[in-house]
Amino acid sequence: MSHNQHWMERDLAVLWHPCTQMKDHEQLPLIPIRSASGVWLEDFDGKRYLDAVSSWWVNVFGHANPRINARIREQLDSLEHVMLAGFSHQPVIELSERLVALTPPGLERVFYADNGSSGIEVALKMSFHYWRNAGQTRKQRFVTLTNSYHGETMAAMSVGDVALFTDTYKPLLLDTFKVPSPDCYLRPEGVSWEAHSRTMFAHMEQTLAEHHQEIAAVIVEPLIQGAGGMRMYHPIYLTLLREACDRYGVHLIADEIAVGFGRTGTLFACEQAGITPDFLILSKALTGGYLPMAAVLTTDTVYQAFYADYATLKAFLHSHTYTGNPLACAAALATLDIFAEDDVIVRNQALAAHMGHATEHLKEHPHVAEVRQTGMALAIEMVADKASKTPYPWQERRGLVVYQHALRRGALLRPLGSVVYFLPPYVISLEQIDFLAEVASEGIDLATSARVTVRPSASARATFHDPG
Ligand SMILES: *Cc1c(COP(=O)(O)O)cnc(C)c1O
């Protein structure tokens with residue numbers, strides 16, 4: 001028995017994996033990873049995989065980065081953890097100072113949570129509670145874009161709109177206003193991203209005009225709707241949204257959990273629109289992909305609405321046990337040091353341009369409707385019919401063919417449905433980008449020529465023929 005096989009069997013006897021139909025593992029091998037370094041993951045049989053999706057979008061400076069490792073080790077020897085209520089510590093103070101300095105002007109306070117979804121809950125609760133403290137008790141609802149994703153906890157799901165993740169739980173969710181997304185994949189032919197994003201803003205304007213008295217906040221993923229298939233839009237939408245939120249007295253919550261820290265070509269996506277949101281949520285790359293942590297930044301105006309004598313009961317009595325964990329803060333500080341010392345944003349421009357060139361030819365592929373890119377995120381949309389952009393039936397799981405092909409070739413590409421995407425660590429080389437483009441092209445050829453039989457049963461179970 002191979003070492004992989006051994007660990008897979010022990011795993012499948014006791015674990016329940018995230019975002020997984022566990023029955024898939026009757027056919028699909030689980031890959032136990034023994035070690036990782038730079039862009040490479042290595043399994044127990046010694047096979048290596050290029051981590052093209054940054055291990056779910058968290059890793060920016062490579063696995064086992066020596067500078068981040070050293071900083072965490074150093075922290076480990078002085079303080080591993082202390083509660084953050086009534087107590088504090090050096091890494092959390094330094095990190096907060098630096099986040100306030102780096103993020104758009106006007107964000108002055110940092111509240112911590114221990115994962116992205118919890119960070120979303122914090123922002124939603126704070127916004128609602130702000131209006132209550134300000135005597136505006138009617139403002140209880142949230143506006144969200146179609147196809148958005150903000151995490152897996154109940155309120156985070158409520159402001160999300162990816163049916164696969166939320167439909168089952170609908171009876172449990174908050175009632176939100178859903179506004180059509182400015183997603184530029186859906187723009188009419190010949191229309192620019194900017195013009196389309198502007199046109200789509202009319203829907204938002206209308207919802208705010210009609211309902212602003214009961215709306216606490218609008219929440220968006222700036223520039224890229226990640227889990228919704230790496231759908232992208234123009235920064236003008238955010239500029240218009242900021243202006244409208246001010247006009248109608250509504251908070252703007254920017255979920256930069258996926259797009260923050262250089263992914264879109266600027267340190268934060270909001271910079272491209274020249275705006276400051278009322279709440280900015282950061283996680284994922286915040287710790288360089290090492291440890292779970294989220295930061296919610298907000299304005300002094302919001303902070304002051306909670307600042308009062310205890311008996312007024314205006315305080316934000318929200319806590320997560322591991323809030324501000326010193327090891328996570330140390331990883332984040334080391335990550336910010338690398339951004340500061342290595343001119344990362346500028347270096348990424350060359351990498352991003354190369355990702356574009358290396359995948360240019362796929363635009364002509366008969367089953368690729370679009371190759372789109374924003375900074376260090378590039379997505380290739382496979383379709384059944386190119387002219388009409390008719391998607392493949394989801395039951396056919398075409399993306400899985402690409403996933404399996406890439407694994408054989410030594411790359412971790414995990415498509416979202418029929419969307420193949422690259423979201424690599426910033427330490428990737430030009431040659432490694434070429435390799436990914438080659439693997440993706442082969443995978444897309446296989447996936448789009450695959451004979452796929454969908455059993456038309458109500459339970460939508462698919463029979464899947466791996467062509468490889
Ligand atoms: C990943 C993600 C979240 C949720 O973060 P978790 O740490 O997985 O809870 C929220 N919003 C966006 C945009 C994300 O990509």
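From a predicted model like this one, the values you see are computed outputs, not experimental measurements. First listed ligand is number 1; within each ligand, the first listed atom is number 1.
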For this session: Keeping to residues at least two apart or across chains, list the salt bridge (charged side-chain N to carboxylate O under 4.0 Å, His left out) pairs with something in residues 227-242.
Result: Asp183-Arg231, Arg231-Glu381, Arg242-Asp246, Arg242-Asp278
Seminar exercise, completed: ring pair (Phe, Tyr, Trp, His ring centres under 6.0 Å) filter on His81, not counting sequence neighbours, yields Tyr322
Problem set entry | His251 side chain reached by Trp131 side chain, heavy atoms, under 4.5 Å | yes
For this session: Anything with a heavy atom under 4.0 Å from ligand 1 counts, so go ahead and list those protein residues by chain and number.
Result: Trp57, Asn115, Gly116, Ser117, Tyr149, His150, Gly151, Glu221, Asp255, Ile257, Ala258, Lys284
Show every donor-acceptor pair shorter than 3.5 Å between a side-chain atom in residues 256-268 and any protein atom, with sequence neighbours excluded, or say none if there are none.
unit_1, atom_1, unit_2, atom_2, d
Glu256, OE1, Ala269, N, 2.8
Glu256, OE2, Ala269, N, 3.1
Glu256, OE2, Cys270, N, 2.8
Arg263, NH1, Met376, O, 3.0
Arg263, NH1, Pro424, O, 2.9
Arg263, NH2, Ser54, OG, 3.4
Arg263, NH2, Pro424, O, 3.2
Thr264, OG1, Gln272, NE2, 3.1
Thr266, OG1, Phe268, O, 2.8
Thr266, OG1, Gln272, NE2, 3.1

Exercise. Does the side chain of Ser55 come under 3.5 Å of the side chain of Asn59 through a donor N or O and an acceptor N or O?
Worked result: no
Problem set entry | Near-ring test Phe142/Phe128, centroid separation under 6.0 angstrom | no
